[in-house]
Amino acid sequence: MQSNSVESNSFKLSRRQFLYAGAAASSLASLGCSSSPVSTQTPSVATVDTTEAIPLNFNENPLGLAPKAQQAVLEALPNAWRYPDAARSDLMATIASNLSLEASQLIYGNGSSEVLKMALDALVQTNTQLVMPDPSYGVIIDYAMARGVPVVKVKLDGNWQTDLATMKAKVAAHNGPSIVYLCNPNNPTGLLLPQSELNQWLDQASSQLSFIVDEAYVEYVAQAGFVSAIERVKQGQKHIVVCRTFSKIYALAGLRVGYGVAHPELIKLMQAQASIDNANLIGCVAAKASLESQQWLELSLKSNSQARALVYQQLTELGLDYLPSETNFIFHKVNGDSELYMQRMSKAGILVGRPFNHGEGWNRLSIGTPAQMQYFCKTLAKFRELGWV
Ligand SMILES: Cc1ncc(COP(=O)(O)O)c(C=O)c1O
């Protein structure tokens, strides 16, 4: 124990030295974006806070709000005494236009977590079961349990892939309606679901088989041939809800903005489950400005893929398996006790993901800035020297 804490002190010290040595400051330059569009008031890869642990545990965008979104927040602040109706309508109209949807196919959520809740409440009937992959994003489990809806968790297959065949079998075996929750790409694996098998199943949606498809990380997906479940809604499917969020690439996790896409009839049922005025003015204007910040989004993607490549390289050098990620996090092997690994990283000044069901010996790492990931890589190499991974 004694030697661990000595280690952790030296980690903290070296982190400060490392960052102050200019590695962080050079990150924007290495991305080819040293000045514009980053303004001086913008938190960026060049201004890492060295007094706090590096947060690589919640899959947030480390570049923070787009400058235009910050500006929109400042400009809206004097109007925060007004109800948010106009700002929400404005945002929803922009989303509708960007995605070629009707406003009636969209619903606002206080984060996509609220959309998940509204979807469950709207879809649940007598004797409904919820079927979902395990591990996956688990908030819907709490909602289901609070409503007395039994949850059937289907373990990921041997390749960490969502096991659609077994999920289908669970649906077929149930005497009653099923709601299927799918996360695409899945959290914590970062893997996309098999597209054609997914499409075929989604096309079978009915009053007895409805789908909630969580696309929280969709903006990071680079794989050719990916098709959002929103296409099924556009084709008229009545029993599919797609959940999206501004908490990830748009960096608005603290402002709570999400939305759902579904058939207008289902949207109406969901709306009945929403609390009145669940939107907030500041979140709405920031989200709209974020949608108009294409350059910032491209910078975020570029930063994410550069930082991710650094981690891949380090994991490969250390012989630690990882799953190729379509997101801003990497699920990778750490060898040994996942909980202990998390604690040791925390002592080294890095917050990494918690242990997941069936993921013993693995960890989910959110992608920070390239500078943060360089520090993470050095730390991981040190862990190897100590025999910890
Ligand atoms: C897959 C997934 N869905 C939904 C959420 C919740 O996002 P929000 O902040 O929009 O509620 C998260 C948050 O981490 C997530 O990983």
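Order of appearance sets the numbers: ligands from 1, and atoms from 1 within every ligand.
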task: Let me know which of K168, K170, Q208, Q129 forms a side-chain hydrogen bond (donor to acceptor under 3.5 Å, both in side chains) with S178.
output: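 One option only clears the test, and that one is Q129.
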Flag if over 12 foreign heavy atoms under 6.0 Å of CZ, F58: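 It does not: F58 CZ has 12 such atoms or fewer within range.
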query: In terms of ring plane angle, is the pair F331 and F356 parallel, tilted or perpendicular, where the classes change at 30° and 60°?
result: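 F331 vs F356 ring planes: perpendicular.
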- prompt: Mind checking whether Y341 and H332 have parallel, tilted or perpendicular rings, split at 30° and 60°?
  reply: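 Rings of Y341 and H332: perpendicular, over 60°.
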What are the polar N/O contacts of ligand 1 with the protein below 3.5 Å, with distances?
from	atom 1	to	atom 2	distance (Å)
ligand 1	3 (N)	D214	OD1	3.2
ligand 1	3 (N)	D214	OD2	2.6
ligand 1	7 (O)	S112	OG	3.2
ligand 1	9 (O)	S247	OG	2.6
ligand 1	9 (O)	R256	NH1	2.8
ligand 1	9 (O)	R256	NH2	3.4
ligand 1	10 (O)	S112	N	2.6
ligand 1	10 (O)	S112	OG	3.0
ligand 1	10 (O)	T245	OG1	2.5
ligand 1	10 (O)	S247	OG	3.3
ligand 1	11 (O)	S112	N	3.3
ligand 1	11 (O)	S113	N	3.0
ligand 1	11 (O)	S113	OG	2.4
ligand 1	11 (O)	R256	NH2	2.8
ligand 1	14 (O)	K248	NZ	2.8
ligand 1	16 (O)	N187	ND2	2.9
ligand 1	16 (O)	Y217	OH	2.7

message: Donor-acceptor check, side chain of E360 to backbone of S338, threshold 3.5 angstrom: yes or no?
response: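 Yes; at least one donor-acceptor contact below 3.5 Å.
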query: Side chain of N304, backbone of T327: donor and acceptor closer than 3.5 Å?
result: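 Such a contact is found between N304 side chain and T327 backbone.
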